[in-house]
Number of protein chains: 2
Amino acid sequence: MIRILLVDDHAVVREGYRRLLERRADLRVEAEAASADEALQRLREFTPDLIVLDLSLPGMGGIELARRILQRQPDARILAFSMHRDPLFASQAMRAGALGYVTKSSSPEVLIQAVYKVARGERILSPDIAPEMALTLLQEKANPASELSPREFEILRLLLDGRGVEEIGNLLNISPKTVQNGHYQIKAKLGVKTDIELARLAMKLKLID
Amino acid sequence: MIRILLVDDHAVVREGYRRLLERRADLRVEAEAASADEALQRLREFTPDLIVLDLSLPGMGGIELARRILQRQPDARILAFSMHRDPLFASQAMRAGALGYVTKSSSPEVLIQAVYKVARGERILSPDIAPEMALTLLQEKANPASELSPREFEILRLLLDGRGVEEIGNLLNISPKTVQNGHYQIKAKLGVKTDIELARLAMKLKLID
DNA sequence: TTCAACCCGGGCAAATTTCCCGACGGTTTT
DNA sequence: AAAACCGTCGGGAAATTTGCCCGGGTTGAA
């Protein structure tokens, strides 16, 4: 029996996954969480065999949540999923410690298989992005955003959301100063001068809209 | 005989318009210019009956050029054209003093008619955007960017281009300080807090990409 | 173990942002 | 004609951010 914690901010999505997963007798969604904070709360109550985690959480976001979970429980097994087909999200999630990544458009079988594999401690990548991902990693510098560390990526996401530096500091529990430094680093790494260029670049990379 | 100054940075486009216009015996493209500076130069050499002006000039941009022309020759007759179907560009161009506005996708007849009308001092609007424009003006506040003065609009355009405040100051021959104030005003008028939100809003309004 | 990378944040000078202000020249209103 | 606006242009001053350098703590890999 694999006990699962399911984290997504949309109730319908949670319901859908619950149905899907529980068609297998040996899978059980032990708890759900609609936010990062709630997820951390549930984790204080019990320790699932597997955490299925939507990357696009409001607030601190899925990557930051993964970071925090792994900080407390370094052996936690996290399967990340997201609507983004862009390899960038996958690589950031994996770098942050997720064992697997699947897109929301993946077929039910793919998801089920991913769940089993991650529960066993294996790594897995959604087949629909794997080829593109491999290519991206080969070219390496193709996407300048791949130079960003997971943390920087997280800060960037919040900046793109229109948040102020102060607010981001609170959200991530770090000093505004660190956020400023991150902001600066991001612009430097992406070779961009103004925030507006940053937004446009992000748009081109499809991190936005 | 109507003597015309044609301003567009693309040689092919100029050529196309020249052909089109000179099929009429009473229209004559007396001079061409590929940039704002060049246009101002030509205007020192002669005074056309009509100026046909692409709004999307590199550098200072068409609206600013119109402003400068009208500053020297308040009775100059300017027909603006642009690829943008968005009424915003039209209204800004008219507010800056252009007598007419047509889109680049307008039919040859429309353009020819516009030329004659503007040369006569009449005002004209491209039929393909007129309805939308009227609706926009009715709703008025529909588009928050309509609150921007022509000058602010111009500054915004350059900011969205990724230019720095200093650079814009040089381009528009105003103090960087004024640009800063403009930048501040723009954000205030659009109800936006960060530059990134500004970029996203601009994107939504299709002023960008 | 050493090394590199990431995360965190202090420091500090220089630049920018934020707001408020006055001046000038047009337009419109009365 | 006077008054009331509006847009443009910019100064001033305080608050904030930027740009860049630093060092210390972790962690994972060579």
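Each chain gets a letter, A, B and so on, in the order the sequences are listed, and its residues count up from 1.
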Donor + acceptor pair across side chains of Ser126(B), Asp128(B) (<3.5 Å):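 Short answer, yes.
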Nearest to the side chain of [X] - [options]?
{"X": "Arg151(B)", "options": "dG10(D), dT8(D), dC7(C)", "answer": "dT8(D)"}
{"X": "Arg95(A)", "options": "dC20(D), dC9(D), dC6(C)", "answer": "dC6(C)"}
{"X": "Gln180(B)", "options": "dG11(D), dT8(D), dT18(C)", "answer": "dT18(C)"}
{"X": "Thr178(A)", "options": "dG10(D), dT17(D), dG9(C)", "answer": "dG9(C)"}
{"X": "Arg67(B)", "options": "dT8(D), dT17(C), dC6(C)", "answer": "dT8(D)"}

Between atom [atom1] in [X] and atom [atom2] in [N], what is the gap in whole Å?
{"X": "Tyr184(B)", "N": "dG10(D)", "atom1": "OH", "atom2": "C1'", "result": "16 Å"}
{"X": "Ile63(A)", "N": "dC7(C)", "atom1": "CD1", "atom2": "P", "result": "11 Å"}
{"X": "Leu70(A)", "N": "dG28(D)", "atom1": "CG", "atom2": "P", "result": "10 Å"}
{"X": "Leu198(A)", "N": "dT17(D)", "atom1": "CG", "atom2": "P", "result": "16 Å"}
{"X": "Asp195(B)", "N": "dT18(D)", "atom1": "CG", "atom2": "C1'", "result": "13 Å"}
{"X": "Lys193(B)", "N": "dC19(C)", "atom1": "NZ", "atom2": "C1'", "result": "12 Å"}
{"X": "Glu166(A)", "N": "dT17(C)", "atom1": "CD", "atom2": "C1'", "result": "16 Å"}
{"X": "Phe153(A)", "N": "dC6(C)", "atom1": "CZ", "atom2": "P", "result": "14 Å"}

Upstream residue (5' side of DNA chain D) when Lys177(B) and Leu172(B) are each assigned their closest nucleotide: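 Its nearest nucleotide lies further toward 5', so the answer is Leu172(B).
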Quiz item: Asn181(B) side-chain donor-acceptor pair to dG11(D) base, under 3.5 Å: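 Side chain to base: pair found, below 3.5 Å.
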Test of ring centre spacing under 6.0 Å for Phe89(B) and Phe153(B):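 Distance test on ring centres: under 6.0 Å, yes.
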Neighbour count >12 (heavy atoms, 6.0 Å) for atom CZ, Arg95(A):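 Check passes, neighbour count above 12.
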Criterion salt bridge (Lys or Arg N to Asp or Glu O under 4.0 Å) on Asp37(B) and Arg42(B), from CA distance to verdict: CA-CA 9 Å; Asp37(B) 287 334; Arg42(B) 295 291 160 273; over 6 Å; no
Audit row: Arg14(B), Glu32(B), salt bridge (Lys or Arg N to Asp or Glu O under 4.0 Å) steps and yes/no: CA-CA 7 Å; Arg14(B) 289 200 305 275; Glu32(B) 296 181 4; 2.8 Å; yes
